[in-house]
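A quick write-up on the structure given underneath.
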Amino acid sequence: HLGLAREGVKKAIAMDAQLILAIGGGSVIDTAKAIAHGRANPDIDIWDFWLGKKKVEKTTPVGVILTIPASGSETSDSAVLTDETILQKRGLNTDYNRPVFAIMDPTLAATLPRRQVACGVTDIMMHTLERYVNPLENDMTDEIAEALLRVVIRHGEAVVKNPSNIDAMSEIMWAGSLSHNNLTGLGGKKDFSVHQFGQAIGEKFDIYHGETLSAMWASYARYVAPTNFARFARYARNVWGVEEADDEKAAMAGIDATEAYFKRLGMPVRIAELSCGVQDEAGLYDLALRCSRNRGRTIGSFRVLDFEDMLNVYQMANK
(Lines give C-alpha, C1' and ligand atoms only; values in the text may rest on other atoms or scores of the structure.)
Protein backbone atom coordinates (compact mmCIF):
# COMPACT_ATOMS: atom_id res chain seq x y z
CA HIS A 1 0.00 0.00 0.00
CA LEU A 2 1.09 3.54 -0.79
CA GLY A 3 0.73 4.74 2.80
CA LEU A 4 3.08 2.05 4.10
CA ALA A 5 5.60 2.80 1.35
CA ARG A 6 5.56 6.51 2.17
CA GLU A 7 6.26 5.72 5.81
CA GLY A 8 9.15 3.53 4.70
CA VAL A 9 10.57 6.36 2.62
CA LYS A 10 10.61 8.63 5.68
CA LYS A 11 12.44 6.02 7.75
CA ALA A 12 14.93 5.24 4.98
CA ILE A 13 15.79 8.92 4.60
CA ALA A 14 16.09 9.38 8.36
CA MET A 15 18.53 6.48 8.76
CA ASP A 16 20.39 7.25 5.52
CA ALA A 17 19.69 3.73 4.26
CA GLN A 18 22.15 2.44 1.67
CA LEU A 19 20.23 -0.76 0.87
CA ILE A 20 16.55 -1.67 1.11
CA LEU A 21 16.13 -5.35 1.98
CA ALA A 22 12.84 -7.05 1.11
CA ILE A 23 12.06 -10.26 2.99
CA GLY A 24 8.84 -11.74 1.64
CA GLY A 25 6.92 -11.95 -1.62
CA GLY A 26 5.70 -9.59 -4.31
CA SER A 27 3.94 -7.03 -2.12
CA VAL A 28 6.96 -6.71 0.17
CA ILE A 29 9.39 -6.49 -2.76
CA ASP A 30 7.32 -3.89 -4.61
CA THR A 31 7.04 -1.83 -1.43
CA ALA A 32 10.83 -2.01 -1.05
CA LYS A 33 11.24 -0.79 -4.63
CA ALA A 34 8.98 2.17 -3.89
CA ILE A 35 10.92 2.98 -0.73
CA ALA A 36 14.17 2.75 -2.70
CA HIS A 37 12.93 5.27 -5.28
CA GLY A 38 11.69 7.61 -2.55
CA ARG A 39 14.94 7.36 -0.61
CA ALA A 40 16.91 8.38 -3.71
CA ASN A 41 14.44 11.11 -4.71
CA PRO A 42 13.38 12.78 -1.44
CA ASP A 43 11.81 15.77 -3.20
CA ILE A 44 9.40 13.65 -5.24
CA ASP A 45 6.27 11.92 -3.93
CA ILE A 46 6.62 8.27 -4.98
CA TRP A 47 3.04 8.07 -6.28
CA ASP A 48 4.03 10.50 -9.05
CA PHE A 49 6.28 7.77 -10.44
CA TRP A 50 3.38 5.31 -10.58
CA LEU A 51 1.08 7.90 -12.15
CA GLY A 52 3.67 8.66 -14.83
CA LYS A 53 4.07 12.27 -13.75
CA LYS A 54 7.74 11.72 -12.92
CA LYS A 55 10.35 9.38 -14.38
CA VAL A 56 12.65 7.33 -12.17
CA GLU A 57 16.24 8.32 -12.97
CA LYS A 58 17.98 7.08 -9.82
CA THR A 59 17.22 4.73 -6.98
CA THR A 60 18.64 2.93 -3.93
CA PRO A 61 19.82 -0.69 -4.24
CA VAL A 62 17.21 -3.31 -3.32
CA GLY A 63 18.02 -6.84 -2.15
CA VAL A 64 15.54 -9.71 -1.80
CA ILE A 65 15.17 -12.77 0.40
CA LEU A 66 12.28 -14.52 -1.30
CA THR A 67 9.70 -16.40 0.79
CA ILE A 68 6.78 -16.67 -1.65
CA PRO A 69 7.36 -17.80 -5.26
CA ALA A 70 4.73 -15.96 -7.27
CA SER A 71 5.24 -12.42 -8.50
CA GLY A 72 8.75 -12.76 -9.91
CA SER A 73 9.39 -9.28 -8.55
CA GLU A 74 12.79 -10.47 -7.34
CA THR A 75 14.05 -10.27 -10.95
CA SER A 76 11.50 -8.05 -12.69
CA ASP A 77 11.46 -4.44 -13.85
CA SER A 78 7.94 -3.98 -12.51
CA ALA A 79 6.33 -2.93 -9.25
CA VAL A 80 2.69 -2.45 -8.28
CA LEU A 81 1.34 -0.06 -5.66
CA THR A 82 -2.18 0.61 -4.41
CA ASP A 83 -3.38 3.96 -3.13
CA GLU A 84 -5.67 2.58 -0.47
CA THR A 85 -7.36 5.94 0.10
CA ILE A 86 -8.88 6.05 -3.39
CA LEU A 87 -8.69 2.32 -4.30
CA GLN A 88 -6.37 2.81 -7.27
CA LYS A 89 -3.83 0.15 -8.24
CA ARG A 90 -1.00 1.09 -10.61
CA GLY A 91 2.05 -0.61 -12.08
CA LEU A 92 5.44 0.89 -12.87
CA ASN A 93 8.00 -0.59 -15.25
CA THR A 94 11.60 0.62 -15.22
CA ASP A 95 14.98 -1.07 -15.09
CA TYR A 96 15.55 0.84 -11.84
CA ASN A 97 13.05 -1.61 -10.31
CA ARG A 98 15.40 -4.58 -10.71
CA PRO A 99 16.87 -5.80 -7.40
CA VAL A 100 20.66 -6.09 -7.20
CA PHE A 101 20.44 -9.60 -5.71
CA ALA A 102 17.88 -12.21 -4.73
CA ILE A 103 18.34 -15.15 -2.36
CA MET A 104 15.95 -17.96 -3.22
CA ASP A 105 15.81 -20.78 -0.68
CA PRO A 106 12.82 -23.11 -1.19
CA THR A 107 12.83 -24.08 2.49
CA LEU A 108 11.66 -20.55 3.30
CA ALA A 109 8.44 -21.27 1.39
CA ALA A 110 7.84 -24.71 2.91
CA THR A 111 5.25 -23.53 5.46
CA LEU A 112 3.13 -21.41 3.13
CA PRO A 113 -0.65 -21.93 3.16
CA ARG A 114 -1.83 -23.91 0.14
CA ARG A 115 -3.98 -21.03 -1.06
CA GLN A 116 -0.91 -18.78 -1.26
CA VAL A 117 1.01 -21.45 -3.15
CA ALA A 118 -1.84 -21.97 -5.63
CA CYS A 119 -2.04 -18.22 -6.25
CA GLY A 120 1.72 -18.17 -6.77
CA VAL A 121 1.69 -21.01 -9.29
CA THR A 122 -1.10 -19.22 -11.17
CA ASP A 123 0.77 -15.90 -11.21
CA ILE A 124 3.91 -17.58 -12.54
CA MET A 125 1.96 -19.15 -15.40
CA MET A 126 0.28 -15.84 -16.16
CA HIS A 127 3.55 -13.92 -16.35
CA THR A 128 4.66 -16.21 -19.15
CA LEU A 129 1.27 -16.55 -20.87
CA GLU A 130 0.88 -12.76 -20.93
CA ARG A 131 4.13 -12.60 -22.90
CA TYR A 132 3.49 -15.71 -25.01
CA VAL A 133 0.10 -14.52 -26.28
CA ASN A 134 1.39 -11.67 -28.41
CA PRO A 135 1.20 -10.75 -32.10
CA LEU A 136 4.82 -11.67 -32.85
CA GLU A 137 6.50 -15.07 -33.01
CA ASN A 138 10.06 -15.88 -32.02
CA ASP A 139 10.79 -19.59 -32.07
CA MET A 140 13.58 -19.64 -29.48
CA THR A 141 11.69 -17.41 -27.07
CA ASP A 142 8.51 -19.41 -27.60
CA GLU A 143 10.34 -22.66 -26.84
CA ILE A 144 11.69 -21.19 -23.58
CA ALA A 145 8.20 -20.04 -22.59
CA GLU A 146 6.66 -23.42 -23.42
CA ALA A 147 9.31 -25.29 -21.43
CA LEU A 148 8.73 -23.06 -18.41
CA LEU A 149 4.98 -23.58 -18.61
CA ARG A 150 5.39 -27.36 -18.81
CA VAL A 151 7.64 -27.33 -15.72
CA VAL A 152 5.18 -25.21 -13.73
CA ILE A 153 2.27 -27.44 -14.74
CA ARG A 154 4.29 -30.56 -13.89
CA HIS A 155 5.25 -29.42 -10.39
CA GLY A 156 2.41 -27.02 -9.54
CA GLU A 157 -0.08 -29.55 -8.22
CA ALA A 158 2.61 -31.27 -6.15
CA VAL A 159 3.71 -28.08 -4.45
CA VAL A 160 0.11 -27.01 -3.74
CA LYS A 161 -0.58 -30.42 -2.21
CA ASN A 162 2.61 -30.28 -0.13
CA PRO A 163 4.53 -26.96 0.09
CA SER A 164 7.31 -28.75 2.00
CA ASN A 165 8.13 -30.77 -1.14
CA ILE A 166 11.47 -29.00 -1.54
CA ASP A 167 12.27 -30.42 -4.97
CA ALA A 168 8.95 -29.22 -6.39
CA MET A 169 9.18 -25.89 -4.57
CA SER A 170 12.68 -25.24 -5.93
CA GLU A 171 11.41 -25.79 -9.49
CA ILE A 172 8.47 -23.44 -8.93
CA MET A 173 10.66 -20.80 -7.28
CA TRP A 174 13.16 -20.88 -10.16
CA ALA A 175 10.36 -20.77 -12.72
CA GLY A 176 8.84 -17.77 -10.94
CA SER A 177 12.01 -15.74 -11.29
CA LEU A 178 12.48 -16.69 -14.94
CA SER A 179 8.85 -15.98 -15.79
CA HIS A 180 9.03 -12.25 -15.06
CA ASN A 181 12.55 -11.17 -16.04
CA ASN A 182 11.41 -10.70 -19.68
CA LEU A 183 13.29 -13.77 -20.98
CA THR A 184 10.07 -15.65 -21.79
CA GLY A 185 8.86 -12.78 -23.98
CA LEU A 186 12.12 -11.59 -25.49
CA GLY A 187 11.58 -10.10 -28.94
CA GLY A 188 7.81 -10.03 -28.54
CA LYS A 189 5.24 -7.52 -27.33
CA LYS A 190 3.85 -7.83 -23.81
CA ASP A 191 0.09 -8.15 -23.66
CA PHE A 192 -0.80 -8.24 -19.93
CA SER A 193 -4.51 -7.71 -20.55
CA VAL A 194 -5.42 -10.30 -17.92
CA HIS A 195 -3.32 -8.46 -15.34
CA GLN A 196 -5.22 -5.27 -16.15
CA PHE A 197 -8.57 -7.06 -15.82
CA GLY A 198 -7.43 -8.55 -12.53
CA GLN A 199 -5.98 -5.35 -11.11
CA ALA A 200 -9.33 -3.58 -11.55
CA ILE A 201 -10.98 -6.33 -9.51
CA GLY A 202 -8.18 -6.32 -6.95
CA GLU A 203 -8.22 -2.58 -6.38
CA LYS A 204 -11.99 -2.55 -5.85
CA PHE A 205 -12.39 -5.66 -3.71
CA ASP A 206 -8.90 -6.34 -2.27
CA ILE A 207 -8.87 -9.91 -3.62
CA TYR A 208 -5.71 -12.00 -4.00
CA HIS A 209 -3.94 -11.11 -7.24
CA GLY A 210 -3.57 -14.73 -8.36
CA GLU A 211 -7.27 -15.39 -7.88
CA THR A 212 -8.24 -12.42 -10.05
CA LEU A 213 -6.00 -13.76 -12.83
CA SER A 214 -7.38 -17.29 -12.87
CA ALA A 215 -10.93 -15.90 -12.69
CA MET A 216 -10.37 -13.87 -15.87
CA TRP A 217 -7.92 -15.81 -18.05
CA ALA A 218 -10.14 -18.38 -19.77
CA SER A 219 -12.82 -15.82 -20.65
CA TYR A 220 -10.19 -13.45 -22.02
CA ALA A 221 -8.54 -16.27 -23.98
CA ARG A 222 -11.82 -17.41 -25.55
CA TYR A 223 -12.62 -13.80 -26.47
CA VAL A 224 -9.31 -13.05 -28.21
CA ALA A 225 -8.40 -16.49 -29.62
CA PRO A 226 -10.23 -15.88 -32.95
CA THR A 227 -7.71 -13.10 -33.62
CA ASN A 228 -5.14 -15.85 -34.29
CA PHE A 229 -6.24 -19.39 -33.48
CA ALA A 230 -2.83 -20.68 -34.57
CA ARG A 231 -1.13 -18.94 -31.64
CA PHE A 232 -3.32 -20.64 -29.07
CA ALA A 233 -3.12 -23.89 -31.05
CA ARG A 234 0.67 -23.89 -30.75
CA TYR A 235 0.32 -23.39 -27.00
CA ALA A 236 -2.17 -26.27 -26.80
CA ARG A 237 0.03 -28.66 -28.76
CA ASN A 238 3.43 -27.79 -27.28
CA VAL A 239 2.38 -27.28 -23.66
CA TRP A 240 -0.63 -29.56 -23.21
CA GLY A 241 0.10 -32.20 -25.84
CA VAL A 242 -3.13 -31.57 -27.75
CA GLU A 243 -3.04 -33.56 -31.01
CA GLU A 244 -6.00 -31.93 -32.78
CA ALA A 245 -5.01 -30.85 -36.33
CA ASP A 246 -7.62 -28.09 -36.64
CA ASP A 247 -6.22 -24.85 -35.18
CA GLU A 248 -9.53 -23.59 -33.81
CA LYS A 249 -10.37 -26.86 -32.09
CA ALA A 250 -6.82 -27.20 -30.76
CA ALA A 251 -6.87 -23.63 -29.43
CA MET A 252 -10.10 -24.22 -27.54
CA ALA A 253 -8.79 -27.52 -26.16
CA GLY A 254 -5.71 -25.75 -24.80
CA ILE A 255 -7.83 -23.08 -23.13
CA ASP A 256 -10.08 -25.78 -21.64
CA ALA A 257 -7.02 -27.66 -20.34
CA THR A 258 -5.65 -24.53 -18.68
CA GLU A 259 -8.99 -23.79 -17.03
CA ALA A 260 -9.24 -27.38 -15.78
CA TYR A 261 -5.72 -27.10 -14.34
CA PHE A 262 -6.64 -23.97 -12.40
CA LYS A 263 -9.61 -25.86 -10.99
CA ARG A 264 -7.31 -28.69 -9.89
CA LEU A 265 -5.21 -26.13 -8.05
CA GLY A 266 -8.36 -24.99 -6.25
CA MET A 267 -8.36 -21.64 -8.03
CA PRO A 268 -11.47 -19.70 -9.11
CA VAL A 269 -12.16 -19.53 -12.84
CA ARG A 270 -15.09 -17.09 -12.78
CA ILE A 271 -15.82 -13.80 -11.00
CA ALA A 272 -18.74 -15.56 -9.32
CA GLU A 273 -16.23 -17.78 -7.51
CA LEU A 274 -14.33 -14.82 -6.03
CA SER A 275 -15.19 -13.41 -2.61
CA CYS A 276 -16.95 -10.45 -4.29
CA GLY A 277 -19.44 -12.83 -5.92
CA VAL A 278 -21.49 -12.33 -9.08
CA GLN A 279 -21.57 -8.70 -10.23
CA ASP A 280 -24.62 -6.90 -11.51
CA GLU A 281 -24.43 -4.88 -14.74
CA ALA A 282 -23.52 -1.71 -12.86
CA GLY A 283 -20.68 -3.53 -11.13
CA LEU A 284 -19.33 -4.91 -14.41
CA TYR A 285 -19.59 -1.47 -15.98
CA ASP A 286 -17.59 -0.03 -13.08
CA LEU A 287 -14.88 -2.68 -13.51
CA ALA A 288 -14.61 -1.87 -17.21
CA LEU A 289 -14.35 1.84 -16.38
CA ARG A 290 -11.58 1.09 -13.89
CA CYS A 291 -9.75 -1.15 -16.33
CA SER A 292 -10.00 1.40 -19.15
CA ARG A 293 -9.09 4.27 -16.80
CA ASN A 294 -12.48 5.87 -17.44
CA ARG A 295 -12.32 5.04 -21.17
CA GLY A 296 -8.94 6.75 -21.37
CA ARG A 297 -6.88 3.78 -22.59
CA THR A 298 -6.92 0.50 -24.44
CA ILE A 299 -5.11 -2.62 -23.25
CA GLY A 300 -3.39 -5.56 -24.90
CA SER A 301 -1.21 -6.20 -27.94
CA PHE A 302 -2.38 -9.61 -29.22
CA ARG A 303 -5.72 -7.93 -29.69
CA VAL A 304 -6.18 -4.32 -28.64
CA LEU A 305 -9.18 -4.10 -26.33
CA ASP A 306 -11.26 -0.97 -25.81
CA PHE A 307 -13.89 -0.25 -23.17
CA GLU A 308 -16.61 -2.28 -24.91
CA ASP A 309 -14.25 -5.25 -25.28
CA MET A 310 -13.34 -5.05 -21.60
CA LEU A 311 -17.01 -5.00 -20.63
CA ASN A 312 -17.67 -8.01 -22.86
CA VAL A 313 -14.87 -10.02 -21.24
CA TYR A 314 -16.05 -9.11 -17.73
CA GLN A 315 -19.55 -10.25 -18.70
CA MET A 316 -18.19 -13.56 -20.00
CA ALA A 317 -16.22 -14.12 -16.80
CA ASN A 318 -19.02 -13.13 -14.44
CA LYS A 319 -20.98 -16.41 -14.24
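All residue numbers in this chain count up from 1 along the given sequence.
- Under a 4.0 Å N-O distance rule, the pair Arg234/Asp139 qualifies as a salt bridge.
- The CE atom of Met104 sits 7.0 Å away from atom CG of Leu66, with the distance rounded to the nearest 0.5 Å.
- At a cut-off of 3.5 Å, with distance as the only test, no side-chain donor of His1 or Thr82 sits close to an acceptor on the other residue.
- Between the side chains of Ser275 and Tyr208, no donor-acceptor pair is found at a separation under 3.5 Å.
- With rounding to the nearest 0.5 angstrom, the CG atom of Leu149 is 9.0 Å from the CH2 atom of Trp240.
- Counting heavy atoms from C-beta outward, His209 and Asp123 have side chains that approach closer than 4.5 Å.
- Between the CZ atom of Arg131 and the NZ atom of Lys190 there is a distance of 4.5 Å, given to the nearest 0.5 Å.
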Derivation of the side chain to side chain contact (heavy atoms under 4.5 Å, CB included) call for Ile172 and Trp174 | CA-CA 5 Å; Ile172 294 298; Trp174 183 216; over 6 Å; no
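- Under a 4.0 Å N-O distance rule, the pair Asp83/Arg90 does not qualify as a salt bridge.
- For the salt bridge (charged side-chain N to carboxylate O under 4.0 Å, His left out) with Glu203, the lone residue among Lys89, Arg293, Arg290 that qualifies is Arg290.
- Under 3.5 Å, the side chains of His155 and Asn165 contain no donor-acceptor pair of N or O atoms.
- With respect to Glu146 and Arg237, no salt bridge is recorded, no charged nitrogen being found less than 4.0 Å from a carboxylate O.
- The nearest pair of heavy atoms linking Ala118 to Leu265 is CB-O, 3.6 Å.
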Please report the C-alpha distance between Met216 and His195 in whole Å, then the side-chain angles of each, then the deciding distance to 0.1 Å, and finally whether the side chain to side chain contact (heavy atoms under 4.5 Å, CB included) criterion is met.
-> CA-CA 9 Å; Met216 293 301 304; His195 271 70; over 6 Å; no
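- Side-chain atoms of Tyr235 do not come within 3.5 Å of backbone N or O of Gly254 as any donor-acceptor pair.
- Looking at Arg115 and Glu211, a side-chain N of the basic residue comes within less than 4.0 Å of a carboxylate O on the acidic one, giving a salt bridge.
- Judged purely by distance below 3.5 Å, without hydrogens or angles, the side chains of Ser73 and Lys33 pair a donor atom with an acceptor atom.
- Atom CG of Asp206 and atom OG1 of Thr212 lie 11.0 Å apart (nearest 0.5 Å).
- At least one cation-pi condition fails for Arg231 and Phe302: the charged atom is not both under 6.0 angstrom from the six-membered ring centre and inside a 45 degree cone around its axis.
- In this model, a donor atom of one side chain and an acceptor atom of the other lie less than 3.5 Å apart for Tyr223 and Asn312.
- Contact of the Ile44 side chain with the Phe49 side chain is registered, since non-hydrogen atoms from C-beta on lie closer than 4.5 Å.
- Rounded to the nearest 0.5 Å, atoms CG (Leu2) and CH2 (Trp50) are 9.0 Å apart.
- In this model, no donor atom of one side chain and acceptor atom of the other lie less than 3.5 Å apart for Asn134 and Ser301.
- Using cut-offs of 30° and 60° on the angle between ring planes, the pair His180 and His127 is parallel.
- Ionic pairing of Asp256 and Arg222 is present here: one or more N-O contacts between side-chain nitrogen and carboxylate oxygen are shorter than 4.0 angstrom.
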